[in-house]
Amino acid sequence: MGATEWSDSGINGSNVRERSYMNERYPFSEIEPKWQAFWDEQGFFRVDTRNSDRKYYCLVMFPYPSGTLHVGHGRNYIIGDAVARYKLTQGYRVLTPMGWDAFGLPAENAAKQRGVHPKEWTLNNIAQMKRQIRSWGVGYDWSREIATCHPGYYKWTQWLFLLLYHQGLAYRKNAPVNWCEFCTTLANEEVRSDGTCDRCGRPVTRRMLTQWFFKITEYAQQLLDDLALLDRWPERVRAMQANWLGRSEGARIDFRVAETGDLCTIFTTRPDTIYGVTFMAIAPEHPLVQKLMANHPRRAEVEAFAKRQEMLSVQQRTAETAPKEGVFTGYHVVNPYNGERVPLWVTNYVVMDYGTGAVMAVPAHDQRDFEFARKYGLPIRVVIQDPAHPLDPTTMTAAWVDDGVLVHSGPFTGRGNREAMPDMIRWAKEHGVGDFAVTWKIRDWLISRQRYWGAPIPIVYCPQCGTVPVPESQLPVLLPDDVDFRSEQGNPLARHERFLSTTCPKCGAPARRESDTIAQWLCSCWYFLRYINPRLEDRPFIPDDVNRWLPVDQYIGGIEHAVLHLLYSRFIVKVLHRAGYVAFREPFAALFTQGMICKRSEKDGQLYKMSKSKGNVVSPDELIREYGADTLRLYTLFIGPPEKDAEWSDTAVEGAFRFLNRLWRRGYETLDVLRSAPNEPVDPASLEPDAREVYRKLHETIQKVTRDIEESFHFNTAIAAIMELFNAVERLPISADSPAPRRAAYREMFETIVRLLGPFAPHIAEELWRELGHEQSILKSGWPVARPEALVRDEHELAVQVNGRVRGRIRVPASASHMEIEAMAMKDPNVTRWLEGRQVRKVVVVPGRLVNIATN
RNA sequence: GCCCGGGUGGCGGAAUGGCAGACGCAACGGACUUAAAAUCCGUUUCCGUUUUCGGAGUGCGGGUUCGAGUCCCGCCCCGGGCACCA
């Protein structure tokens with residue numbers, strides 16, 4: 001049979017079946033663009049959000065338009081598309097939007113280096129990446145496309161800023177902030193734990209600047225508590241967020257400076273050790289240092305020490321290897337519990353950033369204090385005794401941090417330290433010198449950026465009225481286009497006179513605009529809401545619509561956003577919730593974090609995350625040209641469990657290609673049988689044993705593939721099962737002369753393989769599906785469901801073990817009782833050999849699996 | 001130090017407490033071909049017999065169980081997050 005010319009009427013008048021590509025050769029480069037255009041034109045991925053029956057909001061993290069995509073980026077979109085197509089096939093109303101996280105520094109750097117305007121650079125990249133995403137056959141509702149750099153979008157990002165401002169959650173303060181020479185200010189979340197910039201890797205220093213902050217700390221408790229609602233999030237992401245929030249419970253206790261009466265409040269998680277305090281340690285930046293040392297003979301020494309510490313980054317100062325250092329101030333503080341005077345030291349190991357910047361030092365029971373005390377010859381007093389091996393301060397080599405019995409602890413002596421702790425805090429409360437207290441690690445969110453390519457902060461500074469928010473009616477505060485990047489250093493907006501000079505919205509007097517822009521993280525904190533009403537002009541979204549479509553049913557993205565984007569988005573949604581705009585408290589009901597795709601570097605043979613800077617990227621464009629999008633998709637899903645990192649292999653891609661070729665060829669070679677076979681369910685009993693077995697495997701595979709997708713997104717094992725089924729189908733002899741039931745079963749097998757592949761390799765699936773004579777798209781075909789009667793076995797092969805090792809095999813009727821199975825197992829000649837001379841102690845029968853005979 | 005993952009053939013990986021190594025890659029042998037590619041068939045955990053078979057084997061050491069890659073206890077190693085966090 002050659003290429004057949006046939007056609008049908010297509011659907012909805014669109015004649016896509018004009019010609020058949022049925023040929024020995026698998027024509028991916030012809031069929032892929034054809035079906036992409038078809039799905040697009042027919043609007044398979046467009047959804048009317050006014051109707052939310054059986055809604056399924058499937059969202060992939062939108063990309064930053066950095067240029068071109070590599071196959072590592074593709075994993076995200078391919079997984080999302082597989083899920084969306086699966087749900088769509090099941091008849092869900094699936095919302096799968098796509099957009100661009102389009103503000104950010106790379107655009108500005110390109111402008112400086114190449115003289116391209118950031119807008120032009122960004123829009124070009126969007127066009128490029130959109131073409132790539134389309135070429136993968138990933139289906140989106142493009143009518144909802146958004147770009148955060150569009151004034152129609154950032155108007156509402158500014159609105160969000162103002163909402164926080166009016167809620168008292170946005171404030172401006174002069175504070176030491178993280179500073180990267182290249183990227184300007186950074187939020188704490190953007191600084192890696194080694195003290196380098198998360199974006200560019202340069203060292204981060206501290207700088208005093210007046211900046212805008214969001215009070216995310218006010219929501220710390222809720223952000224922590226509501227993690228419990230996120231039972232469909234990966235455990236490790238919840239752990240990372242809890243870690244980052246860093247709640248710790250303890251007490252606040254007021255010490256006073258003996259000589260001046262100044263208050264020196266500390267936070268401790270171990271108030272039970274209060275009677276062991278032998279000195280006080282405060283941070284060099286602590287306000288008391290300046291105040292106390294002003295006219296003190298030790299001033300020079302102490303200030304020199306403090307200056308030296310302030311020059312260092314927190315990371316340098318507090319590195320594991322940095323030795324503990326300090327200097328005595330000449331002052332003392334009074335322990336409110338026992339009235340004791342202990343010396344006040346300025347130390348490098350206490351930081352101003354956490355707690356109160358002052359620490360009651362208990363060398364006997366804190367390792368850091370212990371090391372410091374040993375170094376400077378300060379006393380060590382044991383107040384918790386190890387009942388088994390009493391501690392002796394003169395011989396201790398490390399702090400005792402475990403629990404024990406309180407000693408030398410005034411009225412609390414003799415009690416267990418854990419048990420007494422609440423009473424000890426209560427004592428402080430009763431005496432007005434302290435209380436229970438909670439401290440968090442998370443700091444307020446630094447939102448200002450000294451950059452051009454972002455949404456301007458909608459604030460005006462008026463000489464009369466002070467800080468004035470721009471009224472909503474005057475939004476958006478437009479980013480001016482006419483900026484010269486080459487000739488300017490720093491933020492060009494700060495020198496753009498026509499932008500800066502304005503009038504006060506309150507009094508009309510001449511005023512100045514804020515020149516900082518909003519961190520791009522805020523832009524991506526609410527985009528999932530905007531997708532519901534993307535073109536709305538008078539509001540950011542319609543609450544009713546948003547409440548029906550959110551939370552997002554499935555969010556898919558990279559683990560690198562575990563804290564940053566995901567924590568910020570949760571915060572913003574909670575703010576909107578409290579302000580009455582949305583009914584839900586959490587934006588993403590389920591989260592899936594895919595692993596990174598890595599590739600071995602040709603230079604050093606090491607495995608690295610695919611990135612342009614490492615030079616180990618694989619371009620999807622070439623692969624699609626050579627093998628087609630379906631091959632690329634199939635391989636990407638087959639590479640391994642999607643939540644884990646994976647190593648890209650160019651040769652393994654060919655395996656996926658080979659499989660699709662075999663499938664195509666098989667379809668071509670048996671097209672006559674397939675088309676002429678009865679298209680109806682088969683009675684398994686009417687099949688010959690070989691066909692019956694494969695028919696059962698078919699239905700087992702439907703079950704397995706469905707379960708793998710539903711339970712864990714384990715597309716790798718789903719695809720393996722389809723391959724296994726196809727291998728079995730290929731070995732099944734079939735011809736036009738085969739009996740009707742056999743041909744019908746064969747047709748069902750082949751068609752089902754095509755349908756199961758639909759979410760993974762949609763183009764070839766759609767093409768073969770149509771070639772088999774179906775008029776409707778495969779997306780309308782429904783998801784296959786296993787037939788119980790096809791799954792029935794009337795015979796089982798059981799392994800027979802003797803003492804846990806397989807010695808023989810028996811075939812038993814499915815109806816056989818345990819007694820009968822046991823008898824048959826005992827009779828098997830391979831088994832009797834191993835039973836000779838032994839006494840049977842116990843026989844275990846596992847239905848359908850094995851028999852184990854235990855002997856003496 | 002604390003909190004998450006993870007450790008299985010040459011490689012990626014698979015296994016509701018039930019026959020370890022599915023599926024794929026690579027390698028090797030064979031068929032087809034003048035030849036090569038492609039394709040198809042077969043072999044491929046290790047050790048010994050080299051087929052019929054037996055033994056060992058899922059990071060290490062114990063344990064529970066008729067039966068452990070899987071569960072429990074104690075370790076080692078690798079990756080990630082947090083960290084002089086008071």
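The figures here come from the full heavy-atom set of this structure, side chains too, leaving out hydrogens, waters and symmetry mates. Just so we're on the same page: letters track the sequence lines, and every chain starts at 1.
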Distance-only, no hydrogens or angles: does the [X] side chain make a donor-acceptor pair with backbone N or O of [Y] under 3.5 Å?
| X | Y | value |
| --- | --- | --- |
| A:Gln367 | A:Ala399 | yes |
| A:Asn852 | A:Gly804 | yes |
| A:His365 | A:Gly276 | no |
| A:Arg381 | A:Tyr275 | yes |
| A:Arg633 | A:Pro759 | yes |

I'd like the [atom1] distance from [M] over to [N], given in whole Å.
| N | M | atom1 | value |
| --- | --- | --- | --- |
| B:G74 | B:C2 | P | 13 Å |
| B:C66 | B:G81 | C1' | 43 Å |
| B:U64 | B:U51 | C1' | 41 Å |
| B:A31 | B:A37 | P | 14 Å |
| B:A86 | B:A15 | P | 41 Å |
| B:A83 | B:C19 | C1' | 48 Å |
| B:G59 | B:A14 | P | 15 Å |
| B:A26 | B:U45 | C1' | 16 Å |

Should stems be defined as at least three consecutive Watson-Crick or G-U pairs with both distances under 3.5 angstrom, which of them involve RNA chain B?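 In RNA chain B, stems of three or more pairs: B:1-7 with B:76-82, B:10-12 with B:23-25, B:27-31 with B:39-43, B:45-48 with B:53-56, B:59-63 with B:71-75.
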
For [N] and [X] - does any side-chain N or O of the residue sit under 4.0 Å from the phosphate oxygens OP1/OP2?
| X | N | answer |
| --- | --- | --- |
| A:Lys441 | B:C82 | no |
| A:Arg368 | B:C85 | yes |
| A:Arg805 | B:A56 | yes |
| A:Ser649 | B:A26 | no |

Nucleotide nearest [X] (side chain, heavy atoms from C-beta), chosen from [options]:
| X | options | value |
| --- | --- | --- |
| A:Trp834 | B:C23, B:A14, B:G54 | B:G54 |
| A:Ala720 | B:A14, B:C23, B:C66 | B:C23 |
| A:Val806 | B:C19, B:A86, B:C66 | B:C19 |
| A:Lys644 | B:A14, B:A86, B:C66 | B:A14 |
| A:Arg807 | B:G54, B:A86, B:C84 | B:G54 |
| A:Thr651 | B:G18, B:C25, B:C84 | B:C25 |
| A:Asn727 | B:A86, B:C25, B:C23 | B:C23 |
| A:Val359 | B:A86, B:C66, B:C19 | B:A86 |

Both conditions, 6.0 Å and 45 degrees, for the charged tip of A:Lys324 above the ring of A:Tyr349: are they met here?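 Yes; both conditions hold, so A:Lys324 lies above the ring face of A:Tyr349.
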
B:C66 base to A:Arg841 side chain: any donor-acceptor pair below 3.5 Å?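 There is none.
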
Spell out yes or no: do the side chain of A:Asn243 and the base of B:C82 have one donor N/O and one acceptor N/O closer than 3.5 Å?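 For A:Asn243, whose side chain was compared with the base of B:C82, there is no donor-acceptor pair (under 3.5 Å).
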
Within a radius of less than 6.0 Å around CZ of A:Arg696, do more than 12 heavy atoms belonging to other residues, nucleotides or ligands occur?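 Above 12, so yes.
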
Taking atom CD of A:Gln839 as the centre, does the number of heavy atoms from other residues, nucleotides or ligands within less than 6.0 Å exceed 12?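 12 or below, so no.
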
Are A:Phe279 and A:Phe372 an aromatic pair, judged by ring center distance below 6.0 Å?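 For A:Phe372 and A:Phe279, the ring centres are under 6.0 Å apart.
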
N/O contacts under 3.5 Å, protein versus nucleotides 37-48 of chain B?
none

Would you classify B:G62 as syn or anti? Syn applies when the glycosidic angle is within 90° of 0.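 B:G62: anti glycosidic orientation.
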
Starting at atom [atom1] of [X], determine the distance to atom [atom2] of [N], rounded to an integer number of angstrom.
| X | N | atom1 | atom2 | value |
| --- | --- | --- | --- | --- |
| A:Phe638 | B:A22 | CZ | P | 12 Å |
| A:Trp648 | B:G24 | CH2 | P | 18 Å |
| A:Arg849 | B:G17 | CZ | P | 11 Å |

Identify whether the distance between the nearest side-chain nitrogen and carboxylate oxygen of A:Arg238 and A:Glu235 falls below 4.0 Å.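 Between A:Glu235 and A:Arg238 there is a salt bridge, with a charged N closer than 4.0 Å to a carboxylate O.
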
A:Glu700 and A:Arg793 ion-paired at < 4.0 Å: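 Judged by the 4.0 Å cut-off on N to carboxylate O distance, A:Glu700 and A:Arg793 do form a salt bridge.
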
Would you kindly compare A:Leu850 and A:Trp244 by the position of their nearest RNA chain B nucleotide and give the one closer to the 5′ end?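 Its nucleotide being nearer the 5' end, the pick is A:Leu850.
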
Quick check: on RNA chain B, is the nucleotide nearest A:Met240 upstream (toward 5') of the one nearest A:Thr268, or the reverse? Name the residue that is more 5'.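 Of the two residues, A:Met240 wins.
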
